[in-house]
Participant: 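I'd like to ask some things about the structure below.
Proteins come first, then strands; the chains are lettered A, B, ... in the order of their sequence lines, and each starts at number 1.
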Amino acid sequence: AQKVTQAQTEISVVEKEDVTLDCVYETRDTTYYLFWYKQPPSGELVFLIRRNSFDEQNEISGRYSWNFQKSTSSFNFTITASQVVDSAVYFCALTEGLGGGSEKLVFGKGMKLTVNP
Amino acid sequence: DSGVTQTPKHLITATGQRVTLRCSPRSGDLSVYWYQQSLDQGLQFLIQYYNGEERAKGNILERFSAQQFPDLHSELNLSSLELGDSALYFCASSVVGRRTDTQYFGPGTRLTVL
């Protein structure tokens with residue numbers, strides 16, 4: 001079965017610091033998708049990025065960047081110049097096939113980021 | 001705003017009761033997923049529907065059931081509630097429910113069983 005490990009459970013930084021959230025995954029699938037979701041204090045789950053297993057190109061979106069390395073089964077997320085609004089729980093997730101072409105998401109336990117002013 | 005709506009936002013009930021959680025997917029999405037988020041289990045997949053048909057089941061208890069209606073909204077029914085059922089229940093939707101899709105989540109329904 002698929003597994004997602006977010007070793008860090010909680011990080012506290014001061015505004016404008018850079019912070020990297022680690023994600024390590026296990027899968028036997030050759031084709032899979034990785035995701036990051038953000039859960040702010042209000043509770044909803046917000047989609048941030050999707051990456052397929054064939055695309056190891058790093059991605060940058062504003063202050064957010066993602067580093068996907070198949071060789072180490074990692075999909076790390078970096079926030080540059082963090083802001084108070086980045087305070088949230090961040091989840092890494094991996095698709096798992098359920099048969100019949102259906103998929104579910106397997107989530108890591110989440111990492112709580114607190115950005116202090 | 002993901003476009004997925006869930007009602008109610010909060011639900012407080014007693015043990016042994018039955019509740020219904022409702023979800024409307026994003027416009028154009030045919031597949032609906034239900035997930036449970038609890039402190040001890042984290043985020044766990046419960047069940048998936050596609051265009052009215054059940055497609056996949058996860059760790060869903062027999063006391064729980066779901067359905068997707070012709071207008072594509074979905075309901076999750078929880079019965080004989082126990083204290084341990086207290087959790088945040090999310091609905092997600094995607095276009096056709098396959099790995100090429102992204103699942104977009106609703107705001108969740110927080111269930112408290114007293």
Participant: Grab the two heavy atoms, one from B/Asp101 and one from A/Phe35, that are nearest each other, plus how far apart they are.
Facilitator: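 Closest heavy-atom pair between B/Asp101 and A/Phe35: O-CZ, 3.9 Å.
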Participant: Which atoms form the tightest heavy-atom contact between A/Phe91 and B/Gln37, and what is the distance?
Facilitator: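 Heavy-atom minimum between the residues: CZ-NE2, 3.4 Å.
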Participant: Return the OH to CD distance between B/Tyr33 and A/Glu103, rounded to the nearest 0.5 Å.
Facilitator: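 With rounding to 0.5 Å, OH (B/Tyr33) is 7.5 Å from CD (A/Glu103).
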Participant: Can you establish whether the number of heavy atoms outside A/Lys109 located under 6.0 Å from its atom NZ is more than 12?
Facilitator: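 Incorrect, the count does not exceed 12.
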Participant: Pick whichever of B/Gly108, B/Pro107, B/Gly58, B/Gly42 has the most heavy-atom pairs under 4.5 Å with chain A.
Facilitator: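 Going by pairs under 4.5 Å, I would pick B/Pro107.
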Participant: For residues A/Phe77 and A/Phe107: do they belong to one hydrophobic cluster (side chain heavy atoms under 4.5 Å, members Ile, Leu, Val, Met, Phe, Trp, Tyr)?
Facilitator: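 No, A/Phe77 does not connect to A/Phe107 through the hydrophobic network.
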Participant: Roughly how far, to the nearest 0.5 Å, is CD1 of A/Ile49 from OG1 of B/Thr102?
Facilitator: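 Answer for the OG1-CD1 pair, B/Thr102 versus A/Ile49, is 10.0 Å.
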Participant: Working to the nearest 0.5 angstrom, can you tell me the gap between B/Ile47 CD1 and A/Lys104 NZ?
Facilitator: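 Going from CD1 on B/Ile47 over to NZ on A/Lys104, the span is 12.5 Å.
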Participant: Would you indicate whether B/Leu114, at its atom CG, is surrounded by more than 12 heavy atoms from other residues, nucleotides or ligands within a distance under 6.0 Å?
Facilitator: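 More than 12 heavy atoms, drawn from other residues, nucleotides or ligands, come within 6.0 Å of this atom.
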Participant: Give, as side chain, backbone, both or neither, the part of B/Gln6 having an atom under 4.5 angstrom from any heavy atom of chain A.
Facilitator: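 Contact with chain A: none, neither part.
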Participant: According to a hydrophobic-cluster definition based on side-chain heavy atoms being under 4.5 Å apart (Ile, Leu, Val, Met, Phe, Trp, Tyr only), do A/Val89 and A/Met111 belong together?
Facilitator: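 Hydrophobic grouping puts A/Val89 apart from A/Met111.
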Participant: Do B/Val32 and B/Ile60 belong to the same hydrophobic cluster, where Ile, Leu, Val, Met, Phe, Trp and Tyr are linked whenever their side-chain heavy atoms lie under 4.5 Å apart, directly or via other members?
Facilitator: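 Yes, one cluster joins them.
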Participant: Has A/Lys70 got more than 12 heavy atoms of other residues, nucleotides or ligands less than 6.0 Å from its NZ?
Facilitator: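 More than 12 heavy atoms, drawn from other residues, nucleotides or ligands, come within 6.0 Å of this atom.
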Participant: For B/Leu43 and A/Tyr37: C-alpha separation, side-chain torsions, deciding distance, then whether side chain to side chain contact (heavy atoms under 4.5 Å, CB included) applies.
Facilitator: CA-CA 12 Å; B/Leu43 270 158; A/Tyr37 286 86; over 6 Å; no
Participant: Would you say A/Trp36 and A/Leu113 are hydrophobically clustered, going by side-chain heavy atoms of ILVMFWY under 4.5 Å?
Facilitator: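 Same hydrophobic cluster.
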Participant: Sort B/Gln103 into side chain, backbone, both or neither according to what part of it lies under 4.5 angstrom from a heavy atom of chain A.
Facilitator: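 Answer is both: backbone and side chain atoms of B/Gln103 are under 4.5 Å from chain A.
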Participant: May I ask you to test the A/Leu105-B/Tyr35 pair for a side-chain heavy-atom distance under 4.5 Å?
Facilitator: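 Yes, at least one pair of side-chain atoms sits under 4.5 Å.
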Participant: If you count every heavy atom of other residues, nucleotides or ligands that lies below 6.0 Å from B/Arg110 atom CZ, does the total exceed 12?
Facilitator: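 No, the 6.0 Å shell around CZ holds no more than 12 heavy atoms from other groups.
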Participant: I want to check something: taking the side chain as every heavy atom from C-beta on, are B/Leu88 and A/Gln39 in contact at a cut-off of under 4.5 Å?
Facilitator: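 In contact.
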Participant: Is chain A contacted by the side chain of B/Ser2, its backbone, both, or neither, given a heavy-atom distance below 4.5 Å?
Facilitator: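 Contact with chain A: none, neither part.
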